[in-house]
Structures are given as structure tokens and as C-alpha cells.
Peer 1: 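Have a look at this one before I ask anything.
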Amino acid sequence: HVQLVESGGDSVQAGGSLRLSCAASGYTYKFNYMAWFRQSPGKEPEAVAAIRRDDLTAYTDSVKGRFTISKDNAENSLFLQMSNLKPEDTAMYYCAASHSFILTPRFYRLESSDYPYRGQGTQVTVS
């Protein structure tokens, strides 16, 4: 049983920064990929960033240069450092993970269906 628990969400002003964390427990052995998704009310879930086991990263265009995804394998933790936050970044942010293998071109497309494990989310509000 895999459990992903996010934390770090908050309300901040535009231009501010936040660091989201995700603690993984259960069968975390050899997670090959971990990712962050977000969803705003009335909108479809959107992939934000992903990181492969060898630290290869992928970002959606709207966050490139502002967000950084990282992980701590020893602690089974995933992080998202968010800077220069904008009101359009307001959303519930979810941690996700996969044990499966994803072809590299598909990895860069950040397909939500590739990540079967999801947390409950942490709210980020930017005003």
C-alpha cells in the first residue's frame, strides 16, 4: 500500500515563494518516477513537473524557470520549490508516483495516466 502525503501549501502574494513537500510511505521501493500535478476548480488536472529516478526532470511550459522539482531518495520525499508565484498558479497541488517504466519522450509529455499513485493534495493560493 502506497501513501503520499503533501504539505507546504499556503496563501501567498504574487511574486512570493513556497516549497511543497511530499512524504511517501508503504511500497515506495524503486519508484521510477514522481511528479506534481495541480487542479483548479472547474478545470482539468494539469501536470506541473516530474522527476525520474536518475534525476531527469520535466516541466510544463508555464512553470519553467520558476519551479524546481527535487527528491530525497533516502527520505522517500519529493519537493517542489515554487518562486515568482502568479495568481494562475492557484490550485490544489498533488504528489504522484509510478513504479512503471515510461519512455523518455512520453515522460516529457507529463501524462497523468502514467502516475497511478496520488496524494490528497495541498492548497496553494496566490493573490
Side-chain angles (χ1 to χ4, degrees):
H1 177 68
V2 172
Q3 187 174 20
L4 302 171
V5 179
E6 302 91 340
S7 62
D10 205 347
S11 296
V12 297
Q13 291 189 335
S17 299
L18 280 175
R19 179 177 170 87
L20 304 184
S21 299
C22 171
S25 61
Y27 185 61
T28 60
Y29 181 66
K30 287 189 176 180
F31 270 148
N32 286 321
Y33 304 88
M34 297 190 78
W36 288 97
F37 290 82
R38 65 187 180 187
Q39 187 169 17
S40 302
K43 293 186 178 181
E44 293 293 316
E46 175 190 25
V48 176
I51 187 166
R52 200 168 66 179
R53 188 170 184 82
D54 62 356
D55 291 333
L56 180 69
T57 58
Y59 296 91
T60 193
D61 286 345
S62 63
V63 307
K64 286 180 180 176
R66 300 189 299 122
F67 291 10
T68 302
I69 189 171
S70 62
K71 60 181 173 62
D72 182 334
N73 291 329
E75 298 295 327
N76 290 323
S77 297
L78 180 70
F79 306 99
L80 185 68
Q81 179 66 47
M82 305 186 294
S83 302
N84 191 21
L85 283 161
K86 303 176 181 180
E88 51 263 43
D89 295 319
T90 295
M92 185 72 78
Y93 283 71
Y94 299 89
C95 172
S98 171
H99 290 110
S100 301
F101 173 73
I102 305 171
L103 291 171
T104 300
R106 184 175 175 88
F107 168 72
Y108 282 111
R109 294 203 297 269
L110 298 170
E111 301 281 354
S112 61
S113 60
D114 289 332
Y115 299 88
Y117 302 110
R118 299 284 183 96
Q120 293 299 306
T122 186
Q123 178 67 38
V124 173
T125 302
V126 185
S127 60

Peer 1: What are the two closest non-hydrogen atoms of Met92 and Gln123, and how far apart are they?
Peer 2: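 For Met92 versus Gln123, the nearest heavy atoms are SD-N, 3.5 Å.
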Peer 1: For residues 87-96, which residue pairs pass the side-chain hydrogen bond (donor to acceptor under 3.5 Å, both in side chains) check, not counting sequence neighbours?
Peer 2: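 Residue pairs passing side-chain hydrogen bond (donor to acceptor under 3.5 Å, both in side chains), neighbours aside: Arg38-Asp89, Arg38-Tyr93, Arg66-Asp89.
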Peer 1: Phe107: which residues meet the ring pair (Phe, Tyr, Trp, His ring centres under 6.0 Å) condition with it, sequence neighbours left out?
Peer 2: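 Phe107 satisfies ring pair (Phe, Tyr, Trp, His ring centres under 6.0 Å) with Tyr33 once adjacent residues are dropped.
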Peer 1: Step by step, work out the side-chain contact (heavy atoms from CB on, under 4.5 Å) result for Val2 and His99.
Peer 2: CA-CA 11 Å; Val2 172; His99 290 110; 4.3 Å; yes
Peer 1: Where is the tightest heavy-atom contact between Leu110 and Phe37, given as atom of each residue plus distance?
Peer 2: O-CE2, 4.3 Å
Peer 1: Excluding sequence neighbours, so at least two apart, what forms side chain to side chain contact (heavy atoms under 4.5 Å, CB included) with Lys64?
Peer 2: Tyr59, Asp61
Peer 1: Working to the nearest 0.5 Å, report the span between CG of Asp54 and CG of Asn32.
Peer 2: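 Nearest 0.5 Å value for the CG-CG distance: 9.5 Å.
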Peer 1: Do you know the tightest heavy-atom contact between Leu4 and Glu6?
Peer 2: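 Answer, listing the atom of Leu4 first, then Glu6: O-OE1, 3.9 Å.
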Peer 1: What distance do Lys71 atom NZ and Ser21 atom OG have between them, rounded to the nearest 0.5 Å?
Peer 2: 15.0 Å
Peer 1: Can you sort out the partners of Ser40 under side chain to side chain contact (heavy atoms under 4.5 Å, CB included), two or more places apart, ordered by chain and number?
Peer 2: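 Applying side chain to side chain contact (heavy atoms under 4.5 Å, CB included) to Ser40 gives Lys43, Ala91.
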Peer 1: Can you run down the disulfide bond (SG atoms under 2.5 Å apart) pairs that involve residues 34-71, sequence neighbours left out, and say none if there aren't any?
Peer 2: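 Not a single pair qualifies under disulfide bond (SG atoms under 2.5 Å apart).
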Peer 1: Scan for disulfide bond (SG atoms under 2.5 Å apart) pairs involving residues 81-127, sequence neighbours excluded, and state none if there are none.
Peer 2: Cys22-Cys95
Peer 1: Pair Met82, Val63 - check side-chain contact (heavy atoms from CB on, under 4.5 Å), show working.
Peer 2: CA-CA 9 Å; Met82 305 186 294; Val63 307; over 6 Å; no
Peer 1: Test of understanding: with side-chain hydrogen bond (donor to acceptor under 3.5 Å, both in side chains), list the residues that count as partners of Ser113, not counting sequence neighbours.
Peer 2: Arg106
Peer 1: To the nearest 0.5 Å, how far apart are CG in Leu80 and OG1 in Thr68?
Peer 2: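 Answer rounded to 0.5 Å: 8.0 Å.
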Peer 1: CZ/Arg109 to CG/Asp114 distance, rounded to the nearest 0.5 angstrom?
Peer 2: 8.5 Å
Peer 1: Over all heavy atoms of both residues, which pair between Leu78 and Ala35 is shortest? Give the atoms and the distance, please.
Peer 2: CD2-O, 3.6 Å
Peer 1: Less than 4.5 Å apart, side chain to side chain, heavy atoms only: is that true for Glu46 and Ser62?
Peer 2: yes
Peer 1: Give every donor-acceptor pair under 3.5 Å between a side-chain atom in residues 115-122 and any protein atom, sequence neighbours left out.
Peer 2:
| unit_1 | atom_1 | unit_2 | atom_2 | d |
| --- | --- | --- | --- | --- |
| Arg118 | NE | Tyr115 | O | 3.4 |
| Arg118 | NH2 | Ser112 | O | 3.3 |
| Thr122 | OG1 | Gly9 | N | 2.9 |

Peer 1: Working to the nearest 0.5 angstrom, can you tell me the gap between Phe67 CZ and Leu85 CG?
Peer 2: 5.0 Å
Peer 1: So how far is it from Arg53 CZ to Ser98 OG, rounded to the nearest 0.5 Å?
Peer 2: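 Reported to 0.5 Å precision, the distance equals 12.0 Å.
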Peer 1: Just jot down the salt bridge (charged side-chain N to carboxylate O under 4.0 Å, His left out) partners of Arg19, sequence neighbours excluded, or say none.
Peer 2: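 Salt bridge (charged side-chain N to carboxylate O under 4.0 Å, His left out) list for Arg19, sorted by chain: empty.
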Peer 1: Under 4.5 Å between side-chain heavy atoms, counting indirect links through other Ile/Leu/Val/Met/Phe/Trp/Tyr residues: same cluster for Tyr108 and Ile102 or not?
Peer 2: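 Same cluster: Tyr108 reaches Ile102 through Ile, Leu, Val, Met, Phe, Trp or Tyr contacts under 4.5 Å.
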Peer 1: Please list every donor-acceptor pair under 3.5 Å in which a side-chain atom of residues 10-18 meets a protein atom from a residue at least two apart or in another chain.
Peer 2:
none

Peer 1: Which residue pairs pass the disulfide bond (SG atoms under 2.5 Å apart) test when at least one of the two sits in residues 40-82, sequence neighbours left out?
Peer 2: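 Those involving residues 40-82 do not exist here.
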Peer 1: Sorted by first residue and then second, give each disulfide bond (SG atoms under 2.5 Å apart) pair with at least one member in residues 97-127; sequence neighbours left out.
Peer 2: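 Qualifying pairs: none.
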